[in-house]
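In what follows, chains carry the letters A, B, and so on, assigned in the order in which the sequence lines appear, proteins first and then strands, with residues in each chain numbered from 1.
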Amino acid sequence: MKEKVQEIVARYDRDKSFLIPILQDVQKAFNYLPQDVLKAVSEELGVSISQVFEVCTFYKAFSLTPRGKHQLSLCLGTACHVRGAPLIGEHMERTLGLKAGETSPDLEYTYETVNCLGACALGPILVVDGEYQGNMTIAKTNKLFKKLGKKVETDEED
Amino acid sequence: MKKIKSPDELLSLQEKIRSSRDPKKPCITICAGTGCLAYGTQKLIDGFKSEIEKRNLTDTIDVRTSGCHGFCERGPLVVIHPQKIFYQRVGLGDAAEIIEKTVLGGEVLDRLTYRDPVSKEKILCENEVPFYKKQMRLVFGMNGQIDPTSLDDYLAIGGYSALTKVLKGVSPEAVIEEIIKANLRGRGGGGFPTGWKWDATRKAKGSPKYVICNADEGDPGAYMDRSLLEGNPHSVLEGMLIGAYAIGSNLGYIYVRNEYPLAVKNVGIAIESCREAGLLGEGILGTDFDFDLKINRGGGAFVCGESSALFASIEGRTGEPRAKYVHATDRGLWDKPTNLNNVETWANVPLIINKGADWYASIGTENSKGTKIFSLVGKINNTGLVEVPMGIPLREIVYEIGGGIPQGRKFKAVQTGGPSGGCIPEQYLDMPVDFDELTKLGSMMGSGGMIVMDDRNCMVDVARYFLKFLEEESCGKCTPCREGVKQMRMILDRITEGKGQLEDLDTLEWMGQAIIDGSLCALGGSAPNPVLTTLRYFRDEYEAHIRDHRCPAGVCKALITYQIDPETCTGCQLCSRVCPTGAVKGEKKQVHLIDMEACIKCGACFESCKFDAVKVQ
C-alpha cells in the first residue's frame, strides 16, 4: 500500500498543491479512500491529516467507504432534469433500495447522481460502469438492470 | 516534433505542413466529442480504420477524428472531404458502405443525409444545414477541421500565428491595448473586460504572476468549454501564452473538471506536444519568454468555479471563497498577482491578435463584442452548441437554429446563466442576446447555458431544482447562503406539495434579496435569481400551486393524478407491464384502469404509452 501511495505522490513531485489530483489517483488505485491510505498520503506529502480529511469530505469526488462493483451515475443536470431525470432517479432508488451516494451492502452497486456530463442531447443519461446510456426511460432502466443481473419487480415477461 | 527555434521557423513549418497535404485527398472526418462518443462513435471510428486497412487504402484515404462539431442532436456525425458531404446519425455498421459508395464511388447515401424538417429538402453540405447556417463559428468552427491531438493539424490551419506575431515584436503593453480595444469581456459569467484585468495584473506588484484557465464548467446544461478544450485545446493554450506574455507570467494552470476526462486527456497531449516543439518551457520559439502550464483537476465542487475558491482548490485546500476587497489581480493564487480567464475567453485571444481589434469590435452590440457559444439544450429539436454574434434575437436561436420545440409543443421559457441565472418568458423572445440585455431581464449570460422549457415544465419545480442544486453546492462558509438558500428551498418544497401560503411568495422575495445582499461570493449572491425571475414572470403558476392546489404543467407529484383515457386506450398492456406496483390493471385489448390507492405516481405508465392515453391531471 505504502509503495503505491509513494509512487502516486512522486508523480506530482510531492507538490502539496496537487493534493486533490493525488487523492483522485489514490482513490482510483484503491477504489475508495481507506483511513490508513489517507494517513500515508498525509505523511508522504507533509500535509496534516486534518487537512486531508477536510478535503476528502468537502469534494464530491471522494468516497470514504468502499464502492460497488457496478457504478451507476445518473445525470441530474438541468437539461436532463427537464427531460424527466428525477422520475428515473426515483425508480433507481426504489429498485436498488439505495439513496443517491450509497453502495449496496453486497458491494454490487454504487448509485450516485452527477451534475451534468455535457452530453445534453442524449438526456436523461445514465452512466453504467463508464458507458453512457442516453434517452433513458424507466423501461430502459429495467432492461439495464436485467443485464446487470438485478431482479426487477415488474410484470414484464421478456 | 523537433524544437522550433524561432517565430519565422514556425511560419515556414506551417507552410510546409500545408503544402505536404493534398486538399483533394479524400478524408473522412468523424466527430469524436463526448456527445458523439456517447452514441458509440468509437466503434464507428474503428470500423472505418479497419475497413480502410482491409482494402489497402491507408495511403489514399485519410481518417480524422475531430472534436465536437456542435450538432450533438444528430450524432454520430461524419463529414467526407473534399466534397464536404455531411452525414448524420451514422450507424455503427455504415463504415464499409460509406467508403465503397461515397468515398470511392462519389455517390451520396440518401438515408444518411440531413433532411430539413420544415422543407423536407435534402441538405448535402454541413454549412448548408440551417443549424449551422445562422451561426458565426469563429471560435468553435475549427473544431470540426482538426484532430485535437495533433499539433500539425493546428499549425496547418494557421495555429500559433498570433503567438508568433506577438513574439516578433509587439510589446506586452500593445497586446493589452489591443485586447482592451477589442472590448473582449469574460465569457465565464462575469463579463468583466479581459484587457483591463490583464492590465491590472501586469501592473500589480509581486512575483511570480500566474495566469489560470478556468475550465471548471459546473453550470449544469453548459458544455462549450469542455468541447473547446476537447476539440481545439491549442487555441486555448495559444490564448494563454499570449496572455502570459502580456502580463509577464511564467507559470499557468488549467483548472479542469475531473468529470471531463477527454478534455483532461486532450489538453494534456497538447501541453506535451507544445513542450516538445518549444512552444512551452524555457525560451519559447528562441525568444527570452519562458512559460509553462500545469493541469489541475477539480474535485467536483460547483463553487470552485468562483475565482477565490478555485485558487484555494489549486492550493490543495477546500474550495471556500473569501471576501474580495483585495482583487485577485493583486493577490490571487498563493497571494500573488493572478489573472483568471475562462476557456472561451482564452480561445478568443488568438482571433483578436490575428485579425485585429477593429475587426473584432465590429461584431456584436455596443457593449458586448464578438461571438458567444451557447449550449442549447432541454426541450429543443436541435440540441447542440451554437456560436452566434452577440445581439442575435433569442427567437432566432430557439426557432431558426434550434428548430423549435419537439412535438410542436408550446414554448414556455428559456433559462440562461445556469443556477445563478433566470428564466426568460415568451414575451421577450425578440430581445437581443448580450451581457446587458440579459441582466436587464433579471437573468444573466453566465457561461452560456440555454435550457429551453415547454408547457410540460413546471416553473416552481425548476426554481426548486436550482435551489436544491445550490443548497448542496454551497460551501457553507457564510450564513445567508448556507441557511437562506435552504429556507427558500423548504418553502418551495411546501408549495410544490400544495401546502404553501400566499404570504410565502413575499417571504421568498425579501429573503432572496437578503441573500443577494449578504452573501460572500457570487454563488450565494445570485442563488435566488431563478426563484426571483420565475416569481416575476410566472407568478400565476406559483399561485395555482398555492391557491388551487394544482400544478398546471403536471409535474409536481403531490398535486397530480394519472388517469387513463378510455377513448384512446387500446389495451396494449405496455403500461401495466412497466408499473412497479401493479397499480395499472386491465385485460389485453381492454381499457386499463389505474388504482389510485396503489399508484405511486412514478410516471412509468405515462412515459411508456404510445397512444397518449395516460393523462396527467
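Inter-residue side-chain proximity for F58(A) and R317(B) is flagged as unmet; no heavy-atom pair is nearer than 4.5 Å. With contacts defined as side-chain heavy-atom distances shorter than 4.5 Å, the pair R94(A)/P580(B) qualifies. Under the 4.5 Å side-chain criterion, counting only non-hydrogen atoms from C-beta, T34(B) is in contact with Y132(A). C116(A) has its side chain out of reach of Y223(B): every pair of non-hydrogen atoms, C-beta onward, lies at least 4.5 Å apart. Within the 4.5 Å cutoff, the side chain of L87(A) has heavy atoms near those of the K557(B) side chain. Under the 4.5 Å side-chain criterion, counting only non-hydrogen atoms from C-beta, N296(B) is in contact with P21(A). V377(B) is not listed as a side-chain neighbour of R83(A), based on a closest heavy-atom distance of 4.5 Å or more.
Residue C68(B) does not touch chain A at all, counting heavy-atom pairs closer than 4.5 Å. Of the atoms belonging to L574(B), not a single heavy atom falls under 4.5 Å from chain A. With a threshold of 4.5 angstrom between heavy atoms, E315(B) approaches chain A through N, CA, C or O but not through any side-chain atom. Proximity to chain A is limited to the side chain of R257(B), based on heavy atoms less than 4.5 angstrom apart. There is no contact between F302(B) and chain A, counting heavy-atom distances below 4.5 Å. Neither the backbone nor the side chain of S608(B) comes within contact range of chain A, judged by heavy atoms closer than 4.5 Å. In this structure, chain A has heavy atoms under 4.5 Å from both the backbone and the side chain of S313(B). For a residue to count as touching a neighbouring chain, one of its non-hydrogen atoms must lie under 4.5 Å from one of that chain's; by this rule D461(B) touches chain A with backbone and side chain alike. Contact annotation for I88(A): only side-chain heavy atoms (C-beta onward) come within less than 4.5 Å of a heavy atom of chain B. Looking at R297(B), the atoms closer than 4.5 Å to chain A (heavy atoms on both sides) sit in the backbone and in the side chain alike. With a 4.5 Å cut-off on non-hydrogen atoms, Y253(B) touches chain A through its side chain but not through its backbone. In this structure, chain A has a heavy atom under 4.5 Å from the side chain of V303(B), while its backbone stays farther away. For E90(A), the part lying near chain B is the side chain, with the backbone staying farther off; criterion is any non-hydrogen pair under 4.5 Å. There is no contact between Q573(B) and chain A, counting heavy-atom distances below 4.5 Å.
The number of heavy-atom neighbours closer than 6.0 Å to CZ of F30(A), taken from other residues, nucleotides and ligands shown, is above 12. Within 6.0 Å of NZ in K99(A) there are 12 or fewer heavy atoms belonging to other residues, nucleotides or ligands.
The residue among Q415(B), M224(B), E217(B), K294(B) with the most heavy atom pairs within less than 4.5 Å of chain A is K294(B). Of all the listed residues (R456(B), E473(B), K601(B)), the one sharing the greatest number of non-hydrogen pairs under 4.5 Å with chain A is E473(B). Interface remark: of the candidates L122(A), T78(A), L19(A), T78(A) forms the most heavy-atom pairs closer than 4.5 Å to chain B. Heavy-atom pairs under 4.5 Å with chain A peak, among V452(B), I600(B), T383(B), D454(B), at T383(B).
Closest heavy-atom contact between A79(A) and G378(B): CB-N, 4.0 Å. When all heavy atoms are compared, the tightest approach of Y260(B) to L117(A) is CE2-O, 4.3 Å. The nearest pair of heavy atoms linking A139(A) to V578(B) is CB-CG1, 4.0 Å. Between G319(B) and Y59(A), the closest heavy-atom pair is N-OH, 3.0 Å.
Looking at N457(B), its side chain does come within 3.5 Å of a backbone N or O of V82(A) through a donor-acceptor pair.
Atom CZ of F606(B) and atom CD1 of I138(A) lie 11.5 Å apart (nearest 0.5 Å). Atoms SG and CG, on C120(A) and L376(B) in that order, are 10.5 Å from each other to the nearest 0.5 Å. Here NE2 of H81(A) is found 11.0 Å from NZ of K468(B). Values are rounded to the nearest 0.5 Å. Between the OG1 atom of T318(B) and the CZ atom of F53(A) there is a distance of 13.0 Å, given to the nearest 0.5 Å.
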Checklist entry - Checking side-chain contact (heavy atoms from CB on, under 4.5 Å) for the pair L76(A)/F469(B): CA distance, chi angles, key distance, verdict? => result CA-CA 9 Å; L76(A) 279 186; F469(B) 174 87; over 6 Å; no
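With respect to the salt-bridge test (charged N to carboxylate O, under 4.0 angstrom), the residues E259(B) and K60(A) do not qualify.
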